[in-house]
Structure formats: C-alpha cells, structure tokens
Amino acid sequence: MADSPQTTAASQEYLEWIYRLSKEQSTVQPLDLARALSVSSASVTAMLKRLVAGDLIERTQRGITLTPEGQQIAAGVVRRHTLLERLATDVLGIPWEKADEVACQLEHYVTDEVEERLAAFLGNPTTCPHGQRIDLESPDPSRPLCELGPGETAEVVRISDEDREFLSYLAALGVRPGVRLRVESLAPFNGPMTITIGESRHAIGREAASRVRVTIETQAETQ
Ligand SMILES: [Zn+2]
C-alpha cells in the first residue's frame with residue numbers, strides 16, 4: 001500500500017531534520033529529533049522504525065545516518081523549503097520569523113516543475129532569508145558567534161535556529177545575515193557577550209550566540 005500524503009510529509013520532515021542536524025553536530029540522536037520536531041520520543045521511535053524499513057536511514061552506535069536515497073529526498077526538501085522561505089519573505093512580504101513555518105507547511109507539496117520555475121523566478125537563491133544554505137554539501141566556513149573573543153569583528157552569515165521567538169529576538173537586536181558586529185566583552189562564568197552593531201550595544205546570552213553563525217573579519221590582537 002502506498003503511503004498517504006500525510007505519512008510522506010511526516011517522513012520527509014524527519015529526513016530533512018536528520019540532514020540539517022547532521023551538518024550542525026557530530027551525531028544525530030532520537031532525542032535531537034524529538035526536540036527539533038517537538039514530538040514525543042515514542043513518535044520518534046515509531047517513525048525511525050519506518051524509515052529504517054524503507055531503507056532511508058541507518059541506525060548505528062554513532063546515531064542516525066541517512067542512506068543515499070534518504071539523503072537525496074532530504075536534500076530535495078531542504079531545497080524546496082529554502083525556495084519557499086524566499087518566496088514568503090521576498091515576494092509575499094511575510095515576516096522573517098514566520099517564513100520557516102510557511103515553508104514547512106508547503107514544502108511537501110511542491111512538484112519538480114514548480115520547484116524549477118520557482119528557483120528561476122527567484123533568481124536561483126543560494127540561501128534562505130536566515131542564511132541557511134540551499135546546498136548543505138557546499139563548504140561552510142562559519143563559526144558560532146559564542147566562540148568569538150573581545151575585539152573580534154565578524155559578519156553574520158546564518159541563523160541556525162528558526163524558532164519564531166528567537167528570530168523576533170534577533171530582529172529586535174538587529175542581528176541578521178549580512179550585518180557586521182564587534183564583540184566588546186564576555187561576562188565571566190559563561191555570562192552574556194556584549195556586542196556592538198553600528199552604534200548600538202547589546203548583551204546577548206552565550207546560548208543564543210551559539211545559534212548565530214558568523215565569519216570572522218578581524219581577529220583579536222594577541223600580544
Ligand atoms: Zn530559513
């Protein structure tokens with residue numbers, strides 16, 4: 001029996017997240033998926049069984065990995081997701097923080113033909129409005145902001161968490177891809193970092209800073 005569209009959408013969502021997480025961290029565990037997808041461990045277990053049976057993932061001691069077929073499906077979902085986010089923000093005027101949600105709802109229903117035309121219409125973008133790459137296999141020279149030290153300047157390239165509240169918070173600080181910032185100081189005991197963007201100074205928690213990826217422009221001088 002063929003999968004219902006509902007099942008297909010759900011399994012695609014899992015494959016997409018396994019793929020995205022595998023690029024952000026060394027291993028992907030069921031708990032990571034439960035958190036990312038806001039579902040119970042029991043749902044994750046059931047879905048992982050189906051994906052293993054469908055030969056889309058493998059489960060080893062090192063966690064969950066995609067099979068070549070699984071990766072192909074996941075890469076397609078990431079591509080469609082990215083294009084739909086661009087459509088949402090750049091064409092439809094949907095706010096930054098809502099784009100991910102809109103794309104999630106539509107990405108499973110875009111045909112190859114629509115995808116191709118959408119890409120051409122949007123001018124073949126390479127990133128989503130939050131800086132996530134359309135091709136996750138392309139090199140990623142970025143580092144998490146939390147790794148920077150005082151005096152270092154950097155350009156924001158990517159927000160690796162598209163949670164709505166988190167994006168609203170960053171938008172209020174003026175942190176978005178393309179923005180230059182300077183790290184002024186780090187509070188002790190893993191306290192907040194003080195950063196400046198243009199003329200304004202902000203404190204940003206180390207945990208939040210770990211979800212903002214930057215490329216370093218000037219390193220701090222070491223004596
Ligand atoms: Zn995005």
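Values in this document were obtained by computation on a predicted structure and should not be read as measured data.
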Handout entry: Chi angles and distances behind the side-chain contact (heavy atoms from CB on, under 4.5 Å) call for Trp17, Ser22
Key = CA-CA 8 Å; Trp17 273 100; Ser22 72; over 6 Å; no

Problem - Audit row: Ile73, Gln12, side-chain contact (heavy atoms from CB on, under 4.5 Å) steps and yes/no - result: CA-CA 7 Å; Ile73 294 171; Gln12 284 180 3; 4.2 Å; yes

Practice task
Would you check, one step at a time, whether the test side-chain contact (heavy atoms from CB on, under 4.5 Å) holds for Glu207 with Asn190?
Solution key: CA-CA 9 Å; Glu207 202 276 322; Asn190 216 23; over 6 Å; no

Practice task
Mind running salt bridge (charged side-chain N to carboxylate O under 4.0 Å, His left out) on Glu24 and Arg158 for me, showing each step along the way?
Solution key: CA-CA 12 Å; Glu24 299 283 339; Arg158 175 156 63 90; 2.7 Å; yes

Exercise for the section: Go through the steps for Arg20 and Leu136 under the test side-chain contact (heavy atoms from CB on, under 4.5 Å), then give the verdict. Expected result: CA-CA 8 Å; Arg20 287 188 188 278; Leu136 295 183; 4.3 Å; yes

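In this structure, CG in Leu118 is found 5.5 Å from CG in Leu87, a value given to the nearest 0.5 Å. Here the CG atom belonging to Leu66 is positioned 9.0 Å from the CG atom belonging to Leu51, to the nearest 0.5 angstrom. Rounding to the nearest 0.5 Å gives a distance of 10.0 Å between NZ of Lys98 and OG of Ser168. With rounding to the nearest 0.5 Å, the separation of OG in Ser11 from CG in Leu48 is 11.5 Å. A distance of 11.5 Å separates CD of Gln29 from CD1 of Ile18, quoted to the nearest 0.5 Å. Note that OH of Tyr109 is 9.5 Å distant from CD of Glu107, once rounded to the nearest 0.5 Å.
Each of Ile159 and Leu21 belongs to its own hydrophobic cluster when Ile, Leu, Val, Met, Phe, Trp and Tyr are linked at side-chain heavy-atom distances under 4.5 angstrom. In the hydrophobic clustering of this structure, Val157 does not group with Val214; members are Ile, Leu, Val, Met, Phe, Trp, Tyr whose side-chain heavy atoms approach within less than 4.5 Å, directly or through other members. By the criterion of side-chain heavy atoms lying less than 4.5 angstrom apart, applied directly or through intervening Ile, Leu, Val, Met, Phe, Trp or Tyr residues, Met193 is grouped together with Tyr169 in one hydrophobic cluster. Both Ile134 and Val114 sit in one connected hydrophobic cluster of ILVMFWY residues. Membership requires side-chain heavy atoms under 4.5 Å apart, directly or through other members. Note on Leu83 and Val78: separate hydrophobic clusters, where clusters join Ile, Leu, Val, Met, Phe, Trp and Tyr whose side-chain heavy atoms are under 4.5 Å apart, directly or indirectly.
Counted within 6.0 Å of NZ on Lys49, heavy atoms from surrounding residues, nucleotides or ligands total 12 or fewer; the atom is thus considered open. Enclosure of atom CZ in Arg143 by more than 12 non-hydrogen atoms of other residues, nucleotides or ligands within 6.0 angstrom is indicated.
The list of ring pair (Phe, Tyr, Trp, His ring centres under 6.0 Å) pairs with a residue in residues 49-103, not counting sequence neighbours, reads Trp96-His130. For residues 54-74, the pairs satisfying side chain to side chain donor-acceptor pair (under 3.5 Å) are Gln71-Glu137, with sequence neighbours left out.
No side-chain heavy atom of Leu145 sits under 4.5 Å from any side-chain heavy atom of Ser210. In this structure the side chain of Leu33 reaches within 4.5 angstrom of the side chain of Ile64, judged on heavy atoms. Residues Leu84 and Thr82 fail the side-chain proximity criterion, which asks for heavy atoms closer than 4.5 Å. In this structure the side chain of Glu162 reaches within 4.5 angstrom of the side chain of Cys128, judged on heavy atoms. With a 4.5 Å cut-off on side-chain heavy atoms, Leu170 and Ile204 count as touching. A heavy-atom distance below 4.5 Å is found between the side chains of Gln25 and Asp32. The side-chain heavy atoms of Asp100 and Leu167, taken from C-beta on, include no pair separated by under 4.5 Å. Inter-residue side-chain proximity for Val91 and Phe121 is flagged as met; some heavy-atom pair is nearer than 4.5 Å.
In this structure, His202 contributes its side chain and Leu173 its backbone to a donor-acceptor pair below 3.5 Å. Not a single donor-acceptor pair under 3.5 Å links the side chain of Arg35 to the backbone N or O of Pro30. Of the possible polar contacts, one joining the Arg133 side chain to the Ser138 backbone as a donor-acceptor pair under 3.5 Å is found.
For the residue pair Pro192 and Ala203, the shortest heavy atom distance occurs at CB-CB, 4.3 Å. The two residues Val183 and Leu186 have their closest heavy-atom pair at CG1-CD2, 4.2 Å. Residue Gly178 comes nearest to Glu155 through the heavy atom pair CA-OE2, 3.5 Å, listed as atom of the first residue, atom of the second, then distance. A pairwise comparison of heavy atoms in Ala9 and His108 identifies O-CE1, 3.4 Å as the closest pair. Residue Thr89 comes nearest to Ala99 through the heavy atom pair CG2-CB, 3.6 Å, listed as atom of the first residue, atom of the second, then distance.
Salt-bridge annotation for Arg206 and Glu147: absent, with no side-chain N of the basic residue lying under 4.0 Å from a carboxylate O of the acidic one. With salt bridges taken as basic N to acidic carboxylate O contacts below 4.0 Å, one links Arg80 and Glu115. The existence of a salt bridge linking Asp163 and Arg211 is excluded, since no basic side-chain nitrogen approaches an acidic carboxylate oxygen closer than 4.0 Å. Between Arg182 and Glu152, no side-chain nitrogen of the basic residue sits less than 4.0 Å from a carboxylate oxygen of the acidic one, so the salt-bridge criterion is not met.
With 3.5 Å as the limit, one finds no donor-acceptor pair spanning the side chains of Gln132 and Glu85. Ser142 and Thr215 form no side-chain donor-acceptor contact under 3.5 Å, judged by distance and modelled atom types alone.
Taking Thr196 as the reference, Glu184 meet the side-chain hydrogen bond (donor to acceptor under 3.5 Å, both in side chains) condition, with sequence neighbours excluded.
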